[in-house]
Amino acid sequence: MKRFLKIFKVAFLSIYKNRTRSLLTMLGIIIGVGAVIMTISAGEGATLEVENQISGLGTNLLMIQTKSEHKAGINVRMGRPIDEKDFEMLKKNSVWMPQLSPLVAIGAQAIGPSGYKSTMVYGVSYDYFYITSRALQTGSFFTEDDVRTAKKYCVIGQTIREELFPGEDPIGHQIRIDKVPFTVLGLLTEEGSGGMQDMDDIILAPYTTIQNRLYGHQRGYTMILGSALSEDHIADAEMEASELLRESHKIIDGDEDDFEIMTQIELQEITGNITGILTILLGAVASISLIVGGIGIMNIMLVSVTERTREIGTRLAIGARESDILTQFLIEAIVLSLVGGILGIVFGIIGNQIIYKVTGFFIPTVGYSILIGFGFSALVGVAFGYFPARKAAKLNPIDALRYE
Amino acid sequence: MPVKKVIETKKLNRIFKNGEIEVHALTDIDMIIEEGEFVAIMGASGSGKSTLLHIIGCLDRATSGEYDLDGVQVNKLGKNQLADVRNQKIGFIFQSYNLLSRTTALENVELPLIYDRTGQFPNSKELAQKALEQVGLADRIYHKSNELSGGQQQRVAIARALVNNPALILADEPTGNLDSKASIDIADLFVQLNNKGKTIVMITHEPEIAQFAKRMIYLRDGQIISDKVIEKRSTKAFALKELEKPVETP
Ligand SMILES: Nc1ncnc2c1ncn2[C@@H]1O[C@H](COP(=O)(O)OP(=O)(O)OP(=O)(O)O)[C@@H](O)[C@H]1O
Ligand SMILES: [Mg+2]
């Protein structure tokens with residue numbers, strides 16, 4: 001035990017006397033660990049964000065739209081558009097979808113008393129608010145009556161309010177959407193600015209109004225949104241809608257659908273794939289930072305191998321045993337990896353916090369990223385600190401002393 | 001009372017193999033060195049002096065032959081036991097000092113005691129300080145090795161070789177990197193240590209340094225070709241006077 005303490009002291013002295021080398025080694029570890037934590041956490045954060053946004057759409061959501069196909073990289077709509085007839089038919093016959101709303105989406109310029117903004121305008125029915133479970137900060141929704149009579153009313157998101165009515169109450173005021181005046185009835189509660197898409201940069205208006213005033217003479221809807229009775233009945237609702245639409249579109253058995261139904265589950269699968277790719281991508285970036293950090297550590301260790309081999313020769317020559325040398329170098333490697341690793345973790349967590357503060361994009365520091373980063377760096381640190389020393393300690397003292 | 005043999009070698013051979021090429025660095029070395037001797041080893045470059053001293057100092061192993069050090073059969077020892085022999089019985093002094101860099105004289109001298117396993121040196125700092133005083137470096141103990149002159153560094157190395165009170169002091173060209181004045185000082189230091197009873201084996205290229213020893217062994221091509229007592233030993237005063245003689249121009 002007393003021996004171990006002595007060797008421990010030797011190791012610490014060695015770290016201290018070779019401060020520059022020690023610091024550079026630790027820097028490699030700090031950067032490696034920090035980068036891994038930040039990249040993996042960013043991947044997790046993005047996944048979380050996307051998942052939040054999807055569930056924000058409404059959990060029992062079904063989206064019915066015209067079948068589209070990828071042609072030369074763009075989505076081309078096939079078959080007849082989903083239209084009013086489909087909507088009325090579904091509304092009449094569907095058992096599993098009590099709520100249905102057309103959705104007519106257009107990009108438009110909105111002008112308010114104190115500003116303007118290009119935004120997405122969604123023409124929807126009253127049911128839309130149930131389907132997507134969006135609520136109001138102030139004011140009211142437009143009613144079913146307003147929809148039927150195509151009133152020029154609208155409900156706006158927080159981002160629109162900030163651009164068009166900075167510091168003012170928008171309720172009751174008029175805005176112009178592509179030159180058509182609309183009265184603002186309500187202000188949506190904030191969804192939080194997403195990383196991918198701002199859910200508050202939105203204007204909702206009766207779909208009838210949008211179709212009549214802004215949609216030109218295009219036929220049909222962008223899509224029909226439906227909400228299944230419950231989460232367990234999403235599949236039933238999908239099947240039912242499919243059967244009803246095939247029947248009304250007079251599609252013969254064996255022929256393909258001319259429409260597409262996407263459910264929350266499928267949406268999650270798709271985005272799951274996307275975030276999966278994202279995670280792999282970030283994982284690759286993380287691996288690269290690991291390798292870079294690792295090479296940094298390796299270089300510093302290898303550069304000092306000659307000096308250290310001679311040092312080992314000297315120690316052996318005056319009577320150190322192989323085990324004394326191994327203990328010393330193992331302690332040095334572990335201490336450097338440990339301190340560097342801990343600093344790297346701190347660096348990674350602070351980095352995540354800074355990104356959150358600056359961009360508002362929340363990055364949860366995930367536990368396994370700490371493990372991976374720390375494990376790898378410790379491995380590199382110990383491998384390149386310890387194994388060359390082990391090799392040198394096995395030499396004849398005179399060969400170690402003469403090492404070049 | 002018979003004099004104790006510190007070193008006894010029988011048919012010691014050292015063959016270096018580099019692929020196909022074999023170098024017979026030492027051939028059948030028979031040698032006895034007794035306690036209290038001061039031996040100078042001389043010979044041309046490549047004659048095997050260092051190789052012999054490394055084997056005697058347990059830094060290298062003989063290819064064949066027997067070697068007894070202070071009554072211990074060294075060729076039968078394992079790695080750890082060899083390390084302990086180096087630690088307890090031998091003080092080795094290198095031409096290039098081999099001090100630890102960025103480390104004070106005191107810490108360098110203390111180093112052999114850190115690896116001591118017998119527990120006989122509890123006051124290692126004091127001992128290191130005494131050893132440094134013995135080599136005349138009392139006022140330099142907290143200097144780092146790179147803050148010392150070559151002669152001072154070699155003195156630190158000598159103090160390190162003395163600190164564990166070894167049976168044998170081995171020096172491979174200890175004055176090889178020093179000027180004449182510093183060389184004479186080191187040689188004189190060896191004489192003083194020898195007078196106190198230390199057995200010393202020293203390699204040197206300089207005849208005037210060799211003259212400080214009591215016995216001279218001459219090597220050629222890995223074999224001992226002469227081994228004789230030095231009749232007229234040099235002293236510090238004599239060597240310094242020789243040094244001041246004007247160089248004769250031919
Ligand atoms: N590690 C080694 N590998 C191969 N050959 C070696 C090795 N060490 C020494 N030799 C060879 O052994 C012979 C003796 O070398 P040694 O170093 O003992 O000579 P030396 O008498 O000390 O010479 P110098 O006075 O130049 O120091 C030389 O021919 C040398 O080339
Ligand atoms: Mg030599």
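Naming convention: chains lettered A, B, ... in sequence-line order (proteins, then strands); numbering from 1 in each chain. Only heavy atoms go into these numbers, but all of them, side chains included; no hydrogens, no water, no symmetry mates.
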Side-chain heavy atoms of B/Tyr115 within contact of A/Lys6, under 4.5 Å: no

Given a strict heavy-atom distance threshold of 4.5 Å, which part of B/Leu113 is in contact with chain A: side chain, backbone, both, or neither? backbone

Count the heavy atoms belonging to other residues, nucleotides or ligands that lie under 6.0 Å from NZ of A/Lys391, then report whether that count exceeds 12. no

Engaged part of B/Leu111 at the chain A interface, taking heavy atoms whose separation is under 4.5 Å: both

Between B/Asn98, B/Leu59, B/Asn87, which shows the greatest number of heavy-atom pairs under 4.5 Å with chain A? B/Leu59

Pick one of side chain, backbone, both or neither for B/Ser96, based on which atoms fall under 4.5 Å of a heavy atom in chain A. neither

To check you understand the geometry: which heavy-atom pair defines the closest contact between A/Pro397 and B/Cys58, and what is its length? CG-O, 4.5 Å

Can you tell me which portion of B/Asn164 sits under 4.5 Å from chain A's heavy atoms? Options are side chain, backbone, both or neither. neither

So for atom CG, which belongs to A/Asn299, do other residues, nucleotides or ligands contribute more than 12 heavy atoms lying within a distance under 6.0 Å? yes

Ion pair present between A/Glu307 and B/Arg102, side-chain N to carboxylate O less than 4.0 angstrom? yes

Heavy-atom proximity to chain A below 4.5 Å, by part of B/Arg117: both

Are more than 12 heavy atoms from other residues, nucleotides or ligands located less than 6.0 Å from atom NZ of B/Lys144? no

At a 4.5 Å cut-off on heavy atoms, which part of B/Gln88 comes close to chain A: side chain, backbone, both, or neither? neither

Just checking heavy atoms, which of residues 310-332 of chain A are less than 4.5 Å from chain B? A/Glu311, A/Thr314, A/Arg315, A/Leu316, A/Ala317, A/Ile318, A/Gly319, A/Ala320, A/Arg321, A/Glu322, A/Ser323, A/Asp324, A/Gln328

What do the steps show when you test A/Lys9 against B/Ile114 for side-chain contact (heavy atoms from CB on, under 4.5 Å), and what is the final call? CA-CA 10 Å; A/Lys9 215 177 120 195; B/Ile114 286 176; over 6 Å; no

So for atom OH, which belongs to A/Tyr368, do other residues, nucleotides or ligands contribute more than 12 heavy atoms lying within a distance under 6.0 Å? yes

